[in-house]
Protein chains: 2
Amino acid sequence: MRRHVFIFGLVGGLLIATLQYTEYRFVVIEHTVELYSALVAILFATFGIWLGLRITRRRETVRETVVVREVLVPAEAAALEPFAANTARQQTLGITARELEILTLVARGFSNREIATQLFVSENTVKTHCARAFDKLGAARRTQAVQRGKELGLLP
Amino acid sequence: MRRHVFIFGLVGGLLIATLQYTEYRFVVIEHTVELYSALVAILFATFGIWLGLRITRRRETVRETVVVREVLVPAEAAALEPFAANTARQQTLGITARELEILTLVARGFSNREIATQLFVSENTVKTHCARAFDKLGAARRTQAVQRGKELGLLP
DNA sequence: TGCAAAATCATCCGAAAGAATGACGACATC
DNA sequence: GATGTCGTCATTCTTTCGGATGATTTTGCA
């Protein structure tokens with residue numbers, strides 16, 4: 001997190017420095033301020049959105065488990081069994097929340113690239129998670145992993 | 001989402017207008033550009049983070065409902081429609097018996113080669129059946145085909 | 001605060017999967 | 001006998017997957 005703030009400040013400083021530099025050196029057109037403002041606005045808005053997503057993303061997995069519990073309690077006894085074995089099995093197999101998250105997306109028929117886009121991570125990362133999940137499930141293919149996951153009650 | 005974009009544009013426009021106005025009316029100090037840039041940067045970064053938070057919050061809400069469905073539907077659906085809609089849906093989609101046979105093996109996690117060996121046919125034949133089945137199911141990947149197949153009650 | 005576990009990303013490389021075609025024989029139907 | 005469907009197989013080419021491995025960053029916890 002400290003790093004983000006640092007980069008944020010750095011980029012800001014650099015941008016301002018650039019602005020100052022170009023102002024004295026290059027084209028000083030009329031109405032340049034608005035142009036710069038717009039540019040800076042767009043740039044930082046984009047960066048801000050990215051930062052916002054990045055910050056909040058981490059909490060999702062935690063919140064997800066909370067949500068599941070909140071949902072399951074009203075659903076009562078019927079829903080309690082399948083998900084109890086769920087996390088238990090997940091624990092014993094050492095499958096992390098992230099891996100399971102990706103596994104569910106695999107089960108829904110998404111490609112690695114699509115999953116990567118959805119989760120705002122690299123395709124390589126998705127592959128890594130997949131590989132680890134497959135290994136823990138003893139699966140050689142994603143279809144096999146999905147099948148195993150359903151058998152074990154890890155996937156709906 | 002459209003609303004966000006609208007507000008975004010509105011704020012941007014207002015900001016630029018304000019800048020332009022103040023430039024001609026009020027203090028036009030030296031180094032104003034940097035000040036403005038920084039201000040704009042901070043403003044929009046904040047806005048971006050806020051937007052990011054909003055977006056992700058909505059996503060979580062969606063996920064919540066999805067979880068509910070995932071928990072409730074399969075339990076009842078499995079008990080309600082065992083094999084009735086099966087052949088009917090198969091007919092309407094024009095999926096042949098052979099294609100469905102191969103599809104079930106795909107769903108069990110077998111590779112094309114393994115399926116070919118099991119059925120005493122060429123791997124190319126399996127691929128052809130797969131391709132046709134995928135086409136009829138509107139699936140691009142085998143995992144997607146499996147998912148669709150289960151949704152439609154074609155696969156257990 | 002420091003450490004272990006997770007998560008992230010990358011690269012190389014081979015295997016599997018899929019798309020697009022074309023073809024051929026068996027069978028049923030009209 | 002023409003037509004249509006189905007199952008079979010092949011070739012070529014592109015994309016996607018998956019394995020192996022190493023590295024860095026982030027996070028959660030003692």
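FYI, side chains are in, hydrogens and waters are out, and symmetry mates aren't considered; it's all heavy atoms of this structure. Per chain, numbering begins at 1; letters A, B, ... match sequence-line order.
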Euclidean distance, atom [atom1] of residue [X] to atom [atom2] of [N] [Å, nearest integer]:
X	N	atom1	atom2	result
A:Gln144	C:dA15	CD	P	19 Å
B:Leu119	D:dT8	CG	P	8 Å
B:Arg141	D:dT15	CZ	C1'	11 Å

Return the [atom1] to [atom2] distance between [X] and [Y], rounded to the nearest 0.5 Å.
X	Y	atom1	atom2	answer
B:Thr125	B:Arg98	OG1	CZ	8.5 Å
B:Ile95	B:Thr92	CD1	OG1	8.0 Å
B:Thr117	B:Arg113	OG1	CZ	8.0 Å

Only counting residues at least two apart or in another chain, list the ones meeting side chain to side chain donor-acceptor pair (under 3.5 Å) with B:Gln118. none
Residue set satisfying side chain to side chain donor-acceptor pair (under 3.5 Å) with A:Gln144, at least two apart, ordered chain then number -> none
Side chains of [X] and [Y]: does their closest heavy-atom pair fall under 4.5 Å?
X	Y	result
A:Thr96	A:Gln90	no
B:Ile115	B:Val121	no
B:Val106	B:Val126	no
A:Leu119	A:Leu105	yes

Member of B:Leu93, B:Thr104, B:Val146 meeting the side chain to side chain contact (heavy atoms under 4.5 Å, CB included) criterion with B:Leu154: B:Leu93
Side-chain donor-acceptor distances from residues 127-141 of chain A under 3.5 Å, at least two apart:
unit_1: A:Thr128; atom_1: OG1; unit_2: A:Asn124; atom_2: O; d: 2.9
unit_1: A:Lys136; atom_1: NZ; unit_2: A:Gly94; atom_2: O; d: 2.7
unit_1: A:Lys136; atom_1: NZ; unit_2: A:Glu99; atom_2: OE1; d: 2.9
unit_1: A:Lys136; atom_1: NZ; unit_2: A:Glu99; atom_2: OE2; d: 3.1
unit_1: A:Arg141; atom_1: NE; unit_2: B:Gly109; atom_2: O; d: 3.0
unit_1: A:Arg141; atom_1: NH2; unit_2: B:Glu114; atom_2: OE1; d: 3.1
unit_1: A:Arg141; atom_1: NH2; unit_2: B:Glu114; atom_2: OE2; d: 3.2

Tell me which residues in residues 129-140 of chain A put a heavy atom below 4.0 Å from DNA chain C, sorted by number, or none. A:His129, A:Arg132
Numerically ordered, the residues 95-114 of chain B set in heavy-atom contact under 4.0 Å with DNA chain C is B:Ser111, B:Asn112, B:Arg113
Nucleotide N/O of nucleotides 10-13 of chain C paired with protein N/O under 3.5 Å:
unit_1: C:dA10; atom_1: OP2; unit_2: A:Ser122; atom_2: OG; d: 3.2
unit_1: C:dA10; atom_1: OP2; unit_2: A:Asn124; atom_2: ND2; d: 3.4

Based on the rotation axes of five pairs at each end, what angle does the helix from C:dT1-D:dA30 to C:dC30-D:dG1 bend through, to 10°? 60°
Please name all residues satisfying salt bridge (charged side-chain N to carboxylate O under 4.0 Å, His left out) with B:Arg108, sequence neighbours left out, ordered by chain then number. none
On a heavy-atom basis, the closest approach of A:Leu103 and A:Ala145 is CD1-CB, 4.3 Å
